[in-house]
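Quick notes on the structure that follows.
Values below: every heavy atom of this structure, side chains too, minus hydrogens, waters and symmetry copies. Counting starts at 1 for both ligands and their atoms, following the listed order. In this chain, numbering begins with 1 at the start of the sequence shown. Note that this is a predicted model, so its numbers are computed, not measured.
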Amino acid sequence: MLKLKNIQTFYGNIQALKGISIEVSQGEIITLLGANGAGKTTTLMSICGIVPPRSGEILFQDKSIQNMAPNDIVALGICQVPEGRRIFPYLTVTENLDLGAFLRTDKVEIKKDIEYIFELFPILAERRHQAGGTLSGGEQQMLAISRALMAKPRLLLMDEPSLGLAPLVVKRIFEIIKKINEENQTTILLVEQNANMALKVAHRGYVMETGRVIISDTARELMANDKVREAYLGI
Ligand code: ATP
């Protein structure tokens with residue numbers, strides 16, 4: 001579904017990605033692991049066209065997308081849940097969800113999808129008329145995921161969904177990630193510092209270090225890998 005071939009991305013003179021190659025197949029959950037500054041967020045930003053790569057190629061369903069504008073990339077079905085949630089704080093929960101469906105015209109399906117989201121996250125249904133900014137951190141993360149789902153993405157990019165959340169909420173968020181993948185066949189590329197949780201839901205993963213992919217394997221093998229265990233699982 002998605003192929004990154006030897007991507008190099010810069011911020012001015014700073015080279016954040018030094019030639020990374022990643023593949024994601026339809027229906028997979030793939031996790032990107034790595035320490036702060038490894039280049040995980042930059043990888044997502046390169047895919048969605050916000051920080052386009054200087055060289056290399058990004059193919060989505062065999063179509064080259066590395067020179068496309070971010071809105072055109074969203075229209076292809078690639079949607080991001082950004083780090084720090086970035087919901088619209090002064091809009092209600094329902095208004096935030098409506099904005100997620102901005103590019104869609106299938107009103108009946110949109111209504112059904114809102115109902116589906118309220119089943120996934122009953123707390124959002126209870127708070128549907130409340131301003132996004134008044135929700136707790138965990139609820140805002142649920143809203144950010146839901147808003148992305150309202151675009152009916154084929155590929156969902158998630159940046160640190162567990163950041164700053166209480167353990168019980170983190171567990172719930174990861175259950176939902178698995179459910180979205182299983183029920184809707186949504187392909188997910190997941191950036192996470194919480195390697196333990198990420199490897200439990202992912203099929204495969206890539207470990208990044210200073211702008212390079214240093215290990216790529218199945219989640220099961222990564223969990224057994226000594227370097228991963230020591231550096232990212234704290235075992
Ligand atoms: P984190 O978990 O801290 O977000 P990360 O693995 O996502 O880490 P990136 O945020 O992609 O890493 O950063 C990769 C490199 O690019 C780092 O050296 C970082 O300092 C640099 N970088 C990131 N954003 C910018 C920016 N806007 N301007 C300049 N350099 C940046």
When you group the ILVMFWY residues by side-chain heavy-atom contacts below 4.5 Å and let the links chain together, are V213 and V24 in the same group?
yes
Sub-3.5 Å N/O-N/O distance, A16 and ligand 1
no
Please say whether G39 places an N or O atom under 3.5 Å from an N or O atom belonging to ligand 1.
yes
Per-atom filter on ligand 1: closer than 4.0 angstrom to a heavy atom of T41 are 4 (O), 5 (P), 7 (O), 10 (O), 11 (O)
Check the surroundings of atom OH in Y11: do more than 12 heavy atoms from other residues, nucleotides or ligands lie under 6.0 Å from it?
yes
At the 4.0 Å heavy-atom cut-off, does A35 count as touching ligand 1?
yes
Any non-hydrogen protein atom below 4.0 Å of atom 29 (C) of ligand 1?
yes
Stepwise salt bridge (charged side-chain N to carboxylate O under 4.0 Å, His left out) test for K179 and E175
CA-CA 6 Å; K179 199 169 151 101; E175 282 165 7; over 6 Å; no
Nearest-neighbour protein heavy atom for atom 18 (O) of ligand 1, which is reported as residue plus atom name and distance:
G37 O, 4.0 Å
Sequence neighbours excluded - salt bridge (charged side-chain N to carboxylate O under 4.0 Å, His left out) pairs with any residue from residues 50-77:
K5-E57
Heavy-atom contacts with A38 under 4.0 Å: which atoms of ligand 1 show up? List them by number with element.
5 (P), 6 (O), 12 (O)
Starting from atom 31 (C) of ligand 1, which protein heavy atom do you reach first, and at what distance in Å?
Y11 CD1, 3.3 Å
Closest non-hydrogen contact found for E209 with I214 is OE2-CD1, 3.4 Å
If you look only at pairs with a residue in residues 212-225, which of them pass as a side-chain hydrogen bond (donor to acceptor under 3.5 Å, both in side chains), with sequence neighbours excluded?
none
Give me the residue, atom name and distance of the protein heavy atom closest to atom 3 (O) of ligand 1.
N36 OD1, 3.3 Å
Could you give me the CA-CA distance, side-chain angles and deciding distance for K152 and D106, then say whether salt bridge (charged side-chain N to carboxylate O under 4.0 Å, His left out) is met?
CA-CA 11 Å; K152 270 216 173 305; D106 49 342; over 6 Å; no
Using a heavy-atom cut-off of under 4.0 Å, does the side chain or the backbone of Q193 touch ligand 1, or both, or neither?
side chain
Non-hydrogen atoms of R128 and A125 that approach each other most closely
NE-O, 3.0 Å
For atom 20 (O) of ligand 1, decide whether some protein heavy-atom distance is shorter than 4.0 Å.
no
So which heavy atom on L156 is nearest to which on A148, and how close?
CD1-CB, 3.7 Å
Enumerated ligand 1 atoms positioned under 4.0 Å from heavy atoms of T42
9 (P), 11 (O), 13 (O), 14 (C)
Tell me, please: is E160 in heavy-atom contact with ligand 1, that is, under 4.0 Å?
yes
